[in-house]
Student: 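One structure coming up, written as structure tokens, with questions to follow.
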There are 2 protein chains.
Amino acid sequence: MRRDVFQAIADPTRREIIHLLAAKPLNLNAVAENFDISRPAVSKHIRILTECGLVAIRQQGRERFCYAELQALKQVAEWTDQYRAFWNKKLDALGAFLGKEEQASRKKKK
Amino acid sequence: MRRDVFQAIADPTRREIIHLLAAKPLNLNAVAENFDISRPAVSKHIRILTECGLVAIRQQGRERFCYAELQALKQVAEWTDQYRAFWNKKLDALGAFLGKEEQASRKKKK
DNA sequence: ATTTTGTGTAACCGAAAGGTTTCATTTATC
DNA sequence: GATAAATGAAACCTTTCGGTTACACAAAAT
């Protein structure tokens with residue numbers, strides 16, 4: 001089981017669940033009502049989300065309220081951030097490369 | 001085939017490939033040398049990355065140079081950004097919820 | 001006490017993911 | 001021209017994924 005944040009947010013249903021829970025905590029059935037899939041399927045998604053820390057659960061009687069704990073998303077934000085230059089300044093990696101390539105093929109001394 | 005950016009970056013090998021290519025373009029074999037998996041496996045990862053626009057390829061003779069085109073990561077950055085409050089201010093969704101719950105259970109008028 | 005409600009769990013499924021090996025093809029090189 | 005290099009593509013395999021149905025059980029509500 002890999003179970004890291006990147007894998008957790010890869011599924012659109014899970015991202016939608018995060019969206020719902022970020023607005024307000026919901027018990028499992030309430031979350032499930034927002035989807036066409038079965039309740040156990042939603043339950044599995046929530047399990048995955050809790051396993052990587054994005055969602056926490058608070059048992060209250062027979063109900064289990066799920067709430068968002070999105071600190072783990074910081075990881076993702078930091079990862080993408082290191083490439084921010086690529087979409088801010090339309091950085092042309094290829095162009096830079098082509099220049100270097102020519103030099104390289106010129107000295108070709110292994 | 002889903003093939004969106006979130007799914008593409010879910011795999012650690014693909015994130016590593018992005019990392020390599022962001023530094024400089026490489027042909028397929030050069031990329032593959034950085035991993036323990038077979039060359040065709042790397043080739044498949046790169047296909048996925050090109051399919052969602054994160055990597056582009058420039059054929060040059062028999063070689064295919066791959067380079068990073070990370071504008072698509074903006075999507076991811078924007079998605080995570082909407083939850084930034086959750087890790088910056090340690091926003092306590094549960095606490096807010098508990099308050100509301102008590103009120104709700106008090107008026108309980110359906 | 002009985003019934004309803006909210007959930008977990010188990011068994012099972014088909015499809016997709018991530019890999020591998022093998023073979024074909026095109027482009028350089030000797 | 002023969003050979004080596006750089007890849008694509010196909011066939012196949014094992015796991016994981018996302019879902020389902022069926023069943024069990026504790027907590028609430030009647």
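Below, chains carry the letters A, B, ... as their sequence lines are ordered, and counting in each starts from 1.
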Student: Could you state the atom-to-atom distance from CG of B/D4 to P of C/dA16 in whole Å?
Tutor: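 After rounding, the reported distance stands at 15 Å.
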Student: Using the benzene-type ring in the case of Trp, are the ring centres of B/Y83 and B/W87 under 6.0 Å apart?
Tutor: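 No, they do not, as the ring centres are separated by 6.0 Å or more.
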Student: For DNA chain D, whose closest nucleotide is more 5', that of A/T13 or that of A/G61?
Tutor: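 It is A/T13, whose closest nucleotide lies nearer the 5' terminus.
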Student: Quick test: give all pairs of protein nitrogen or oxygen and nucleotides 4-6 of chain C nitrogen or oxygen below 3.5 Å, distance rounded to 0.1 Å.
Tutor:
from, atom 1, to, atom 2, distance (Å)
C/dT5, O4', A/R62, NH1, 3.4
C/dT5, O2, A/R62, NH1, 2.8

Student: State which residues pass salt bridge (charged side-chain N to carboxylate O under 4.0 Å, His left out) with B/R62; sequence neighbours excluded, sorted by chain then number.
Tutor: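 Scan of B/R62 (salt bridge (charged side-chain N to carboxylate O under 4.0 Å, His left out), adjacent residues dropped) gives none.
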Student: Under 4.0 Å from OP1 or OP2 of C/dA17: is there any side-chain N or O of A/Q7 that close?
Tutor: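 No, outside the criterion.
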Student: In whole angstrom, give the distance that lies between atom CD of B/E33 and atom P of D/dT7.
Tutor: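 Taking CD of B/E33 and P of D/dT7, I get 10 Å after rounding.
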Student: I need the CD1-C1' distance between B/I17 and C/dG18, as an integer number of Å.
Tutor: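 Rounded to whole Å, this separation is 12 Å.
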Student: List for me each residue that meets side-chain hydrogen bond (donor to acceptor under 3.5 Å, both in side chains) alongside A/E16, sequence neighbours excluded, and say none if there are none.
Tutor: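 If we apply the side-chain hydrogen bond (donor to acceptor under 3.5 Å, both in side chains) test to A/E16, skipping adjacent residues, there are no hits.
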Student: So which pairs with a foot in residues 31-44 of chain B pass side chain to side chain donor-acceptor pair (under 3.5 Å), sequence neighbours left out?
Tutor: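 As it turns out, there is no side chain to side chain donor-acceptor pair (under 3.5 Å) pair with a partner in residues 31-44 of chain B once direct neighbours are skipped.
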Student: Check the phosphate of D/dA26 against A/Q59, side-chain N and O only, distance under 4.0 Å to OP1 or OP2. Yes or no?
Tutor: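 No, outside the criterion.
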Student: For DNA chain D, determine which residues of residues 37-46 of chain B have any heavy atom closer than 4.0 angstrom to one of its atoms, and list them numerically.
Tutor: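 The stretch gives B/R39, B/P40, B/S43, B/K44 as the residues lying under 4.0 Å from the strand, ordered by number.
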Student: List for me each residue that meets side-chain hydrogen bond (donor to acceptor under 3.5 Å, both in side chains) alongside B/D81, sequence neighbours excluded, and say none if there are none.
Tutor: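 Once residues adjacent in sequence are excluded, the partners of B/D81 under the side-chain hydrogen bond (donor to acceptor under 3.5 Å, both in side chains) criterion are B/R84.
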Student: With sequence neighbours left out, write down each residue that passes side-chain hydrogen bond (donor to acceptor under 3.5 Å, both in side chains) with A/Q59, or none if nothing qualifies.
Tutor: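 A/Q59 satisfies side-chain hydrogen bond (donor to acceptor under 3.5 Å, both in side chains) with A/R64 once adjacent residues are dropped.
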Student: Mind calculating the distance between CG (A/L49) and P (D/dC17) to the nearest angstrom?
Tutor: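 It works out to 13 Å between those atoms.
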Student: Taking only residues two or more places apart in sequence or in another chain, which ones pass side chain to side chain contact (heavy atoms under 4.5 Å, CB included) with B/T13?
Tutor: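 So B/T13 forms a side chain to side chain contact (heavy atoms under 4.5 Å, CB included) with B/D11, B/I17, B/F35, B/I37, B/H45.
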Student: For C/dT9 and A/R47 - does any side-chain N or O of the residue sit under 4.0 Å from the phosphate oxygens OP1/OP2?
Tutor: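 Answer yes for this pair, as a side-chain N or O of A/R47 is under 4.0 Å from OP1 or OP2.
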Student: Distance to the ring centre below 6.0 angstrom and angle to the axis at most 45 degrees; does that hold for B/R58 and B/Y67?
Tutor: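 That pair does not qualify as a cation-pi contact.
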Student: Could you tell me whether a side-chain N or O of B/Q82 sits under 3.5 Å from a main-chain N or O of B/W79, the two making a donor and an acceptor?
Tutor: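 Present.
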